There are 2 protein chains.
Amino acid sequence: MESERTSEVVADSLIKEIRGNYLAIGATLPTERELCDRFSASRPTIREALRIMEFKGYLRQASNKRPVAEKPTIQKILKYTAENLKEILDDTDSQAYLEQMRQFIEVGALRTVIESSSEVNLARIHKALVECHQAIGNQKTFAEADIAFHRAIVKVVDNPIMLNLHDMFIRNLLFSRPPVSDQNEHDTMVYQEHKSIYEAILRKDAEAAMAVMNQHLHRSYKIRLQVPSVE
Amino acid sequence: MESERTSEVVADSLIKEIRGNYLAIGATLPTERELCDRFSASRPTIREALRIMEFKGYLRQASNKRPVAEKPTIQKILKYTAENLKEILDDTDSQAYLEQMRQFIEVGALRTVIESSSEVNLARIHKALVECHQAIGNQKTFAEADIAFHRAIVKVVDNPIMLNLHDMFIRNLLFSRPPVSDQNEHDTMVYQEHKSIYEAILRKDAEAAMAVMNQHLHRSYKIRLQVPSVE
DNA sequence: AATAAATTTTTGTCAAACAAGATTAGAAAA
DNA sequence: TTTTCTAATCTTGTTTGACAAAAATTTATT
């Protein structure tokens, strides 16, 4: 029978306080010496407990500063996961694997939209489509509208894990988008693809919707893999 | 400018050794006192470093035992993620969200099979189908063959993250499978669904394949949500 | 060779101390 | 009275040295 380290016991206890809202998010934790008194433990043991809490996402503490209570969020957990995966897989590989996942999520979400989407959700997708149209030619605004269109589709699934995964992927996309030579031409083409997707949604044509979405996602991803020119 | 804690520096250094294969997986780490000498740090600081490494997945150490080098694997990272998500989401919710993800993965993989699968992969799916047929009536063997059929499809994607996610889901499925009243009837129905999927794959009918797969996955999941009887 | 006992080593934790950075309180200036 | 500056105090980061209990190794016995 394995006994648990005192540091684990202390960390678990403090985590319960945070999760039970006895310690507010952003609130400074009691000093190490206060925690020593409270838990009848030594300071090195308390410090170990604080490290444990930090890695479980319940604490944030810059060096030489007071520790602050936090709670893990879906976003943080997924971000941490992606970083860990990046560390053990080749960086390019892990990126491609995660992009593939994003595509599966988007295509799956599209199918959900077609099978069982409410009027509210359709209205949201339509609004996103209109905003794409209005943003044609403006690189920044169009990028955001482009992303919002995809997000509106994934949001229909009502699954916070997938939505956060999608948001995480989108963050990466925003930062790695290559420049396009003709903004208007590019935006118009993307808008046409969105429009085709939306129309297929309306007539509940799953096959057409998914074919266009697949093409749209692959083309969009391939832009980032284009052959460097020899200038 | 934030200085890094000595414990972080030590942890990072040891992690580099493990990742560079200077420390073999499963090998016992140097004693704490040896590490103190090597890094010119105090023992409490080394112990903090060991906790950090433990939570980054590079160390395993039961209480009162020697620490042992490990490496994170995709499986471990994903398992850790699932546990964390379970903690911050309602348990039932997180299960359902993850199940939804599995379904997206399977449907997306099916599409990949239809669009671009090799003869080798088709042969593997066919083999799994045949093994389903042979296992009809034997609960344990059929369950395994059922799972192997799905795995053969996901394996086509050649994405280790998704395959490990799928394996993780499958592990849960195995443990939570409810009993069926008529094994033969159940197995035959499942086999028929697998057969329909396979046939749709052969004739590259994406819509049909995905419709059956969707039905198959939903029905399979709903068995676990059946209304308790009033005996 | 196998088992038991004795010895040594190691982990887990403690207390006390000091250095450096962060925070607070009090005094001085505007 | 308010603002700024300085000194004092507090807190984190880390060290040293110690002890208890468990684990590992060595030695002795069968």
Side-chain angles (χ1 to χ4, degrees), chain A residues 1-18 22-72 76, chain B residues 1-18 22-72 76:
Chain A
M1 189 63 192
E2 277 180 21
S3 69
E4 216 177 10
R5 292 194 190 93
T6 304
S7 52
E8 301 261 9
V9 173
V10 171
D12 286 347
S13 185
L14 286 168
I15 284 170
K16 278 198 181 69
E17 280 188 38
I18 293 172
Y22 296 114
L23 254 185
I25 313 305
T28 298
L29 259 71
T31 66
E32 291 175 1
R33 288 165 179 105
E34 279 166 349
L35 292 172
C36 291
D37 291 341
R38 190 199 302 185
F39 291 103
S40 302
S42 70
R43 243 214 319 141
T45 299
I46 295 296
R47 292 182 58 79
E48 272 186 57
L50 295 180
R51 294 295 73 74
I52 290 168
M53 290 173 70
E54 198 166 356
F55 275 89
K56 288 193 172 186
Y58 286 94
L59 188 92
R60 181 168 32 91
Q61 185 182 7
S63 186
N64 259 328
K65 295 291 186 79
R66 296 282 300 274
V68 174
E70 287 217 322
K71 273 192 191 178
K76 280 195 213 136
Chain B
M1 188 60 191
E2 278 181 18
S3 70
E4 215 177 10
R5 291 195 192 93
T6 306
S7 53
E8 301 260 11
V9 173
V10 171
D12 286 347
S13 185
L14 286 170
I15 285 171
K16 278 197 181 70
E17 279 189 41
I18 294 171
Y22 297 113
L23 254 184
I25 312 305
T28 298
L29 259 72
T31 66
E32 292 176 0
R33 288 167 178 101
E34 279 166 348
L35 293 172
C36 292
D37 290 342
R38 192 200 303 184
F39 291 103
S40 302
S42 69
R43 244 218 314 142
T45 298
I46 296 295
R47 292 182 58 79
E48 273 186 55
L50 295 181
R51 295 292 77 71
I52 290 168
M53 289 172 71
E54 199 166 356
F55 276 90
K56 288 193 171 187
Y58 286 94
L59 187 92
R60 181 169 30 91
Q61 184 183 7
S63 186
N64 260 328
K65 296 291 186 79
R66 296 282 300 274
V68 174
E70 287 217 322
K71 273 188 186 177
K76 278 194 217 146

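What you are looking at is a predicted structure, and each value in this text was computed from that prediction instead of being measured. Chain identifiers are assigned alphabetically (A, B, ...) following the order of the sequence lines, protein sequences preceding nucleic acid strands; residue numbering begins at 1 within each chain.
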Query - N/O (side chain, B:T31) to phosphate O (OP1/OP2, C:dT9) under 4.0 Å - result: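 Looking at the OP1 and OP2 atoms of C:dT9, neither is under 4.0 Å from any side-chain N or O of B:T31.
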Query raised in the report: Is any side-chain nitrogen or oxygen of B:S42 closer than 4.0 Å to OP1 or OP2 of D:dG13?
Result: no
Query raised in the report: Using 4.0 Å as the upper bound for N to carboxylate O, is an ion pair formed by B:R51 and B:E54?
Result: yes
Report summary line: Which of C:dC14, D:dT14, C:dG12 is nearest the side chain of B:S7? It is D:dT14
Query - Nearest listed nucleotide, side chain of B:P44, among C:dA22, D:dA23, D:dT16 - result: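 Ranking C:dA22, D:dA23, D:dT16 by closest atom to the B:P44 side chain puts D:dT16 first.
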What integer distance in Å separates [X]:[atom1] from [N]:[atom2]?
X	N	atom1	atom2	value
A:K65	D:dT11	NZ	C1'	12 Å
A:E48	D:dT14	CD	C1'	14 Å
A:N64	C:dA20	CG	P	11 Å
B:D37	C:dT10	CG	C1'	14 Å
B:R5	C:dG21	CZ	P	15 Å
A:I46	C:dC14	CD1	P	8 Å
B:E32	D:dA22	CD	P	17 Å
A:E8	C:dT13	CD	C1'	15 Å

Query raised in the report: Of B:R47, B:R38, B:R66, which is the lone residue that meets salt bridge (charged side-chain N to carboxylate O under 4.0 Å, His left out) with B:E32?
Result: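 That would be B:R47; it is the only one of B:R47, B:R38, B:R66 passing the salt bridge (charged side-chain N to carboxylate O under 4.0 Å, His left out) with B:E32.
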**Report entry** Donor-acceptor pair present, B:R66 side chain and C:dT9 base, under 3.5 Å
**Finding:** no
**Report entry** Side-chain donor/acceptor of A:R43 to base of D:dG13, under 3.5 Å
**Finding:**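 Check passes, donor-acceptor contact within cut-off.
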Report summary line: Tightest non-hydrogen contact, residues B:I18 and B:K71, listed as O-CE, 3.2 Å
Requested in this report: Taking the side chain as every heavy atom from C-beta outward, state whether B:L59 and B:L29 have any pair of such atoms under 4.5 Å apart.
Outcome: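 The answer is yes; the side chains approach within 4.5 Å.
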Pick base, sugar-phosphate or nothing for [X], based on heavy-atom distances below 4.0 Å to the nucleic acid.
X	value
A:S40	sugar-phosphate
A:P67	sugar-phosphate
A:R47	base

Report task. Supply the atom-to-atom distance B:R5 CZ to A:Q61 CD, rounded to the nearest 0.5 angstrom. Result -> 4.5 Å
